[in-house]
K.L.:
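Take a look at this one; I'll ask things after.
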Amino acid sequence: MTSRVTTARIDEEQQELLIGGDGSAPDGIELVGRRAVATASDIVTASEGAAWSAVLPLRASRWGGPELPLPTGDYALVLDGRTAALPAVETVLLPGLRVGSADGDLQVAAPVDPAYETTEGRLALEGRYAALPGAGENAVFFEAFYGQSSGCNPGAIDRELAARAPGVTRYWSVVDLSVPVPDGAVPVVEGSPEWWRARADARLLIVNDWLRRRFDRKPGQRVLQTWHGTPLKRLALHRPGLHPRRWLAVVRESRRWDVLLAQNPYAERVLRKAYAFLRKPVWVDGYPRNDVLATGDLARIRAALGIDPGERVLLYAPTWRDDRSEMVDFVDPNALAEAGDCVVLVRGHSRTIRPGRDHAGSRVIDVTGYPDTAELLLVADALVTDYSSVMFDFSATGKPMYFLVPDLEHYRGKLRGFYFDLAARAPGPLVRTQDELVAALSDVSALAEHAPKYVAWQAQFNGRDDGAASARVVDRILDLGWLEA
C-alpha cells in the first residue's frame, strides 16, 4: 500500500515538523527547498504496520557550520523521491522562524511578527526609528549583500575588529536566521524592531551595497561603504539608458556614505565618478575579503566542502544578468566535471540566491549559499567566470582563470557596457562554448600566452591585496575614534 501523509503539526519547543501517515512507511522523507534540504531523523512504524510517523527538523547545518533555522522559502514534502501533499499546518511564530503551510508545501519565513510586515506596521517602525536619538552604543551594524551573507569585506573587517576591539558590539543584518554570523556577533533580522534599533544606535555602519529602507543619520553616526568589487561593467551613473530618477537615487545614496573603500587606484577613479562621490575620502587599502587568500586554512575549507585532498577544483562563478533573475545556464556542471576530471564548484551571484536552485551531481557542489566567496577562491585550482568582479580578486592568487563569454556582444553592447576592453586585456583565454572551455583547460600553451597580461593585470589591480587590508581599515577606524577599542 502506497504511503500517504495524513497528519502534520509543528512541535514549537523542539522546532520540528511532526508528520504521520498510513500505508507502508517510506524509507526516506525530506523537506526539499531551493537552497536547503531537511531529512527525517526518525521514521517509526506502528506495531501493527499500518501507520507510521516521522520527525523533520526545521533546522540544518551546512558546510560544517552551526545548526540554524531553514532558509525562507517553500519546501516540498518528498517521500522516497515522490512529492506528497502536506496537510494543513497552522502558521506559528517560533524564536528562529515563522512556519506554516500552503498548497501542500511547508512555508518558512523570517521570524518577524506579520503585523510589522503590513504597510501600517512598517510605517510605525520607521517612525519609531526616526524618533530615536541613536548612535549611543559602541557598536557596528554590518550588512553584506542585503543581509544574505556575513562575508565579503564587512565579514573580514568584523574578524579583525573582534580580535582588536572585543568591547565593540557587532550587529549583523540578516534576511533570516539561516544566515550564519561570526562568533560573538548578534544577528538582527531585517525589518524587525531590533533591526531598526540596532541600526539607529550603532556608531558605525559597515555595508557593501546600498542602504535599503529608510535611513536617517544619527548625530555622530558614520557609514563605511566597502562596495563589493572592482568594476569591469558600468555602474550607477555610468549605466546605459540612465533615467533621471535613477540618477537622483544614486546621488542621494552616495551622500549617505562617509568613506568609500576601493581595492585599487583604478577602482577609486571609477567609483568616485560612478557614484558622484567627489568630496569625501576613498580608502585605497586593498580588499579585506582577500586577506584570506594569503592567510586562509586551505585544508579546513576543503574539508568543510567535502573535497578530497587530491581533487582538482574548478570554480564556476558568473555574474548576474539585468535581463534574467536566475543564474546563467552556459555550463553543464556535471558534464564539465566529467570532461575536466575535477570537482566543479558552482557559485551564483548574490542576486540569484533566492530565485535559483542548487545544482547537484556526484562531483558538483553548489556553493551559491557558501558564506565567503574568498574561501572558494582559495580552494579553487582554476576559475571560470565572465564579467564578474571576482576576476580582480582571484588574480591575487596567480592561479589560472578562463572567461566563458557566449553573450559578450549583447552584454557589452546592450546590457551594461565595460570600462575597458576585456578581450584585449584578459589574463586568461576567452571562450564561447563549453567545448572550447574544456579544450582550454588542458591547453598549457594558452596560459603561457596570457602570462604577460596576467602580470600586468596583477600590477594594476592587486597591489594592496597582501593579506593586511583588514588591519589597515581597522587601524583607520580606531585612529579616527569612531569606536572605542
Side-chain angles (χ1 to χ4, degrees), residues 14-17 28-41 55-76 78 94-97 99 106 108-111 144-152 154-155 158-159 172-185 187 189 289 292 296-308 311 313 315-317 327 333 343-380:
Q14 300 297 322
Q15 293 201 9
E16 296 171 332
L17 172 67
I29 305 176
E30 294 178 322
L31 285 171
V32 180
R34 288 181 173 272
R35 297 294 183 187
V37 175
T39 302
S41 57
V55 179
L56 284 151
L58 299 178
R59 303 171 69 86
S61 172
R62 299 194 77 188
W63 323 117
E67 190 177 78
L68 297 170
L70 294 175
T72 57
D74 293 348
Y75 288 78
V78 178
L94 305 176
L97 71 172
V99 61
L106 189 73
V108 175
F145 298 117
Y146 296 153
Q148 297 183 101
S149 168
S150 61
C152 194
D158 176 288
R159 290 191 292 271
W172 269 93
S173 170
V174 294
V175 291
D176 59 45
L177 293 179
S178 73
V179 179
V181 301
D183 291 343
V189 177
R289 70 186 186 188
V292 71
D297 185 345
L298 178 61
R300 176 192 65 78
I301 301 166
R302 288 180 71 105
L305 293 168
I307 301 172
D308 293 336
E311 288 272 23
V313 179
L315 173 63
Y316 177 50
M327 180 179 171
V343 171
V344 174
L345 304 180
V346 178
R347 176 70 168 189
H349 191 275
S350 63
R351 289 179 181 263
T352 69
I353 289 178
R354 295 295 169 183
R357 182 179 294 276
D358 279 0
H359 291 75
S362 59
R363 299 182 76 185
V364 174
I365 306 173
D366 196 303
V367 289
T368 300
Y370 190 81
D372 193 340
T373 304
E375 291 192 349
L376 303 176
L377 303 184
L378 179 62
V379 302

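The basis for the numbers below is simple: all heavy atoms, side chains too, and nothing from hydrogens, waters or symmetry mates.
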K.L.:
For a quick test of reading the model, state the closest non-hydrogen atom pair linking Leu56 to Ala38 and the distance between them.
P.N.:
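Taking Leu56 first and Ala38 second, the nearest heavy atoms are CD2-O, 3.7 Å.
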K.L.:
Evaluate Val55 against Gln14 for side-chain contact (heavy atoms from CB on, under 4.5 Å), listing each step before the verdict.
P.N.:
CA-CA 10 Å; Val55 179; Gln14 300 297 322; over 6 Å; no
K.L.:
Looking at every non-hydrogen atom in both residues, tell me the closest pair between Pro187 and Ala185 and how far apart they are.
P.N.:
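Nearest heavy atoms, Pro187 then Ala185: CD-O, 3.7 Å.
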K.L.:
Compare every heavy atom of Leu58 with every heavy atom of Leu94, then report the nearest pair and how far apart it is.
P.N.:
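Nearest heavy atoms, Leu94 then Leu58: CD1-CD1, 4.4 Å.
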K.L.:
The test is side-chain contact (heavy atoms from CB on, under 4.5 Å); show your working for Val99 and Gln15 and say whether it passes.
P.N.:
CA-CA 10 Å; Val99 61; Gln15 293 201 9; over 6 Å; no
K.L.:
Kindly give the heavy-atom pair with the smallest separation between Ala60 and Leu70, and that separation in Å.
P.N.:
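For Ala60 and Leu70, the tightest heavy-atom pair comes out as CB-CD2, 3.9 Å.
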K.L.:
Determine yes or no for a side-chain-to-main-chain donor-acceptor pair under 3.5 angstrom, with Ser150 supplying the side chain and Gly155 the backbone.
P.N.:
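No: the side chain of Ser150 does not pair with the backbone of Gly155.
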K.L.:
Can Arg289 and Asp372 be counted as an ion pair, charged N to O under 4.0 angstrom?
P.N.:
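Result for this pair is no, no salt bridge flagged.
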K.L.:
So do Ile365 and Ile307 actually touch side chain to side chain, heavy atoms under 4.5 Å?
P.N.:
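The answer is yes; the side chains approach within 4.5 Å.
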K.L.:
Any donor and acceptor pair, going by atom type alone, linking the side chain of Arg347 with main-chain N or O of Thr368 inside 3.5 Å?
P.N.:
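Present.
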K.L.:
Under the ring pair (Phe, Tyr, Trp, His ring centres under 6.0 Å) rule, collect the residues that match up with Tyr370, sequence neighbours excluded.
P.N.:
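For Tyr370 the ring pair (Phe, Tyr, Trp, His ring centres under 6.0 Å) partners, ignoring immediate neighbours, are Trp63.
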K.L.:
Could you tell me which residues satisfy side chain to side chain donor-acceptor pair (under 3.5 Å) with Arg300, sequence neighbours excluded, listed by chain and number?
P.N.:
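Side chain to side chain donor-acceptor pair (under 3.5 Å) check on Arg300 returns Glu375.
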K.L.:
Check whether any side-chain heavy atom of Ile29 lies under 4.5 Å from a side-chain heavy atom of Thr39, and answer yes or no.
P.N.:
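Not in contact.
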K.L.:
So, do Met327 and Val346 sit near enough that their side-chain heavy atoms are less than 4.5 Å apart?
P.N.:
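Answer yes - side chains close enough.
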K.L.:
Step by step, would you call Leu305 with Leu376 a side-chain contact (heavy atoms from CB on, under 4.5 Å)?
P.N.:
CA-CA 9 Å; Leu305 293 168; Leu376 303 176; 4.1 Å; yes
K.L.:
Does some side-chain heavy atom of Val108 sit less than 4.5 Å from a side-chain heavy atom of Asp176?
P.N.:
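Asp176 does not reach Val108 side chain to side chain.
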K.L.:
Side-chain contact test, heavy atoms from C-beta onward, threshold under 4.5 Å: evaluate it for Cys152 versus Phe145 and give yes or no.
P.N.:
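Yes, their side chains come closer than 4.5 Å.
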K.L.:
List in chain and number order the residues that pass side chain to side chain donor-acceptor pair (under 3.5 Å) with Glu311, two or more places apart in sequence or in another chain; answer none if no residue qualifies.
P.N.:
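With sequence neighbours excluded, Glu311 shows a side chain to side chain donor-acceptor pair (under 3.5 Å) to Arg363, given in chain and number order.
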K.L.:
Ignoring hydrogens and geometry, is there a side-chain-to-backbone donor-acceptor pair from Arg59 to Glu67 under 3.5 Å?
P.N.:
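Checked: pair present.
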K.L.:
Tell me the closest heavy-atom pair linking Pro71 and Ala36, and the distance in Å.
P.N.:
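Scanning both residues, the minimum pair turns out to be CD-CB, 3.6 Å.
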K.L.:
Would you say that Val343 contacts Asp308 through its side chain, given a criterion of any heavy-atom pair below 4.5 Å between the two side chains?
P.N.:
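The answer is no, as the side chains (C-beta and beyond) never meet within the 4.5 Å cut-off.
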K.L.:
Using every non-hydrogen atom in the two residues, find where Trp172 and Pro154 come nearest and quote the distance to one decimal.
P.N.:
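Scanning both residues, the minimum pair turns out to be CH2-CB, 3.6 Å.
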K.L.:
Taking side chain as C-beta onward, heavy atoms only, is Leu315 less than 4.5 Å from Leu377?
P.N.:
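Yes. Closest side-chain heavy atoms under 4.5 Å.
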K.L.:
Distance from Leu378 atom CG to Ile301 atom CD1, nearest 0.5 Å?
P.N.:
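Leu378 CG to Ile301 CD1: 4.5 Å, rounded to 0.5 Å.
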K.L.:
Would you call Arg62 and Ser178 a side-chain contact if the rule is heavy atoms closer than 4.5 Å?
P.N.:
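No, too far: nothing below the 4.5 Å cut-off.
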K.L.:
Show the numbers, then the answer: is there a side-chain contact (heavy atoms from CB on, under 4.5 Å) between Leu177 and Val189?
P.N.:
CA-CA 7 Å; Leu177 293 179; Val189 177; 3.8 Å; yes
